[in-house]
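As C-alpha cells, the structure follows; a few thoughts come after it.
Source: prediction; values computed, not measured.
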Amino acid sequence: MNRFFYSILLYLLFPLLVIYLAVRAIKSPGYRGRWGERFGLTSFNKSDLLIHSVSMGETLAAIPLIRAIQQAYPLLTITVTTTSPTGSAEVKKAFGDGVQHCYLPFDLPLCVGRFLKQVSPQCCIIMETELWPNLIHKASRSGIKLMLANARLSEKSAGQYQKQITLTQPMLQSLDSIAAQSQQAADRFIALGVNADKVEVCGSLKFDLTIADDKLEQAKALRQQWRSTTCPVWIAGSVHPGEFDAILASHRRLLSIFPDALLIMVPRHPEKFDAAATKISEAGFKLARRSLNESVDGATQVLLGDTMGELLTFYGAADQAFVGGTLIENGGHNPLEPAALGLPVFVGPHHWDFAEITALLNEAGALQVVSSAEELGNALVRNFEDKPAYQMASEAGLRVVEANKGALQHQFELACRLIDS
C-alpha cells in the first residue's frame with residue numbers, strides 16, 4: 001500500500017472515525033469536546049516549533065526536553081500536540097499558556113494540510129513512534145525540518161513497517177534526524193531504509209525522569225496513613241480489563257500469607273474505573289475508591305486508584321509493582337518509574353513496547369517477567385518473605401536508572417541542531 005491508497009482508505013473510514021470519537025465520548029468525558037481540533041477545523045496561531053507528544057507517557061518524557069528548549073530559545077514559539085485527553089492535561093499542567101496546545105488532527109490529507117498551513121512551523125519534533133504518513137509527507141514538502149525524538153521501534157513494529165514498506169519507507173526517509181532509544185531500534189530504522197547518518201543512539205528520555213520532592217513526601221504520607229511499613233503494599237499500575245482477574249487472584253494469594261496486605265490497583269483508562277470497582281467488589285474484596293476519598297483502614301484489601309495524575313505517587317507508596325498491559329497482547333507500559341523509586345518490578349510476557357528497558361532491568365535483577373496470576377502471586381510472596389532478595393532487586397533498579405541517564409542532554413543537542421538549521 002502506498003500513501004495514495006492509504007489516504008483513500010482513511011477517507012472511506014471517515015464515518016468510523018466519527019463513530020470512534022462518539023463511543024470514546026460516551027465512555028470518557030475527556031473525549032466529549034474539541035472535536036474541531038481532531039479534524040483540523042480550529043484556528044491556531046503560527047509557531048516556530050511543533051512538538052507532538054501523543055499521550056501521557058510520551059508527554060511526561062517530553063516535558064523536560066521542551067523546558068530545555070524554552071530555556072535555550074526564549075523567543076521561540078511552540079505548539080505542543082497530543083492525541084489523548086490525559087496527554088492534553090499534562091501539557092496544560094506543565095506549561096499553561098507558555099505553549100500553544102491542541103490535539104493533532106487525524107491523518108487525513110485535508111485536515112493535516114490545513115493544520116500545518118495555519119501553524120506553519122519551521123521544525124517539528126515527534127515523540128517515540130507516532131509517525132503518520134500524511135503528516136510527515138506534507139511537513140516535508142513544506143520544508144519543515146523533522147526529528148523523531150526518543151525513538152523506539154520494537155521487532156514487532158519493524159515487521160509491520162516492513163510489510164507496508166511502500167508506505168513506510170518514504171515516510172521514514174523524510175525524517176531529518178532520529179534520536180533512537182537503543183542500538184536495536186537504530187538498526188531497525190536503518191534496515192527499513194533510513195540513512196545511517198540520520199540515526200543517533202541517545203538512550204531513553206524516560207531514564208532522565210525527575211521525581212519531585214513533594215511527590216515523594218506525599219507518597220510517604222499516604223503510606224503512613226494507609227499501612228505501616230511492616231505491612232505489605234503492592235501496586236498494579238496501568239492495568240487493562242483483561243488483567244483484572246489475574247491481579248486480584250495474585251492478591252488473594254498474597255493475602256493467604258499476609259492478611260494485612262494492601263493492593264493499589266490503577267486501571268490504565270479512566271473509562272474502566274467503574275468496571276474495575278465492580279470486578280473488585282464481585283470478587284469479595286474490601287474496596288476503597290480513591291476518587292471518593294474513602295478511608296483506607298486495616299480492613300481495606302484493595303485501594304482503587306481511580307484518579308488521574310497520581311500513579312507516580314501511588315508507586316512511591318508501595319513496596320513492589322506490577323506494570324500492566326503485559327499479561328494481555330498490548331505491548332506494555334513504562335517500568336522505569338517504579339524501578340526509579342526502588343521497587344522490584346514485575347511485567348507479563350507481552351512487553352514489546354519497552355523490550356530494551358525491560359531487558360536491562362531484568363538482566364540487572366530489578367525486574368521479573370511472569371506469565372500467570374499464580375506466578376505473580378508467588379513472586380510477590382517470595383520478595384516479601386526474603387528481605388535480602390527484595391533489597392537486591394530494589395537497589396538493582398536504582399542502579400540501572402542512574403547508569404542510563406544522559407539521554408536528555410543528547411536529544412536536546414540534536415533538537416538544537418534541528419532548530420539552528
Ion pair D213/K220, N-O distance below 4.0 Å: no
Note: R382-E385 ion pair, threshold 4.0 Å (strictly below): no
Side-chain H-bond candidate by donor/acceptor type, R34 with S88, under 3.5 Å: yes
Short side-chain donor-acceptor distance under 3.5 Å, N134 and Y6: no
Donor-acceptor contact below 3.5 Å, side chain D306 vs main chain S291: yes
Pair R188 + E356: basic N to acidic O under 4.0 Å: yes
Basic-acidic side-chain contact under 4.0 Å: R290, E310: yes
Backbone N/O of V233 and side chain of Q320: donor-acceptor pair under 3.5 Å: no
Ion pair check, R227 and D260, cut-off under 4.0 Å: no
Geometric class of the H269/H240 ring pair [parallel <30°, tilted 30-60°, perpendicular >60°]: perpendicular
Ring-ring centroid check F14 F39, cutoff 6.0 Å: yes
Pairing of E375 and R253 as salt bridge, 4.0 angstrom limit: no
Check: H251/W234 side-chain N/O donor and acceptor closer than 3.5 Å: yes
D319/R223 salt bridge by N-O under 4.0 Å criterion: yes
Salt bridge present between D176 and K198 (N-O < 4.0 angstrom): no
Donor + acceptor pair across side chains of Q122, D48 (<3.5 Å): no
Matching residue for H52 among T82, T81, T79, T83 - test: side-chain hydrogen bond (donor to acceptor under 3.5 Å, both in side chains): T81
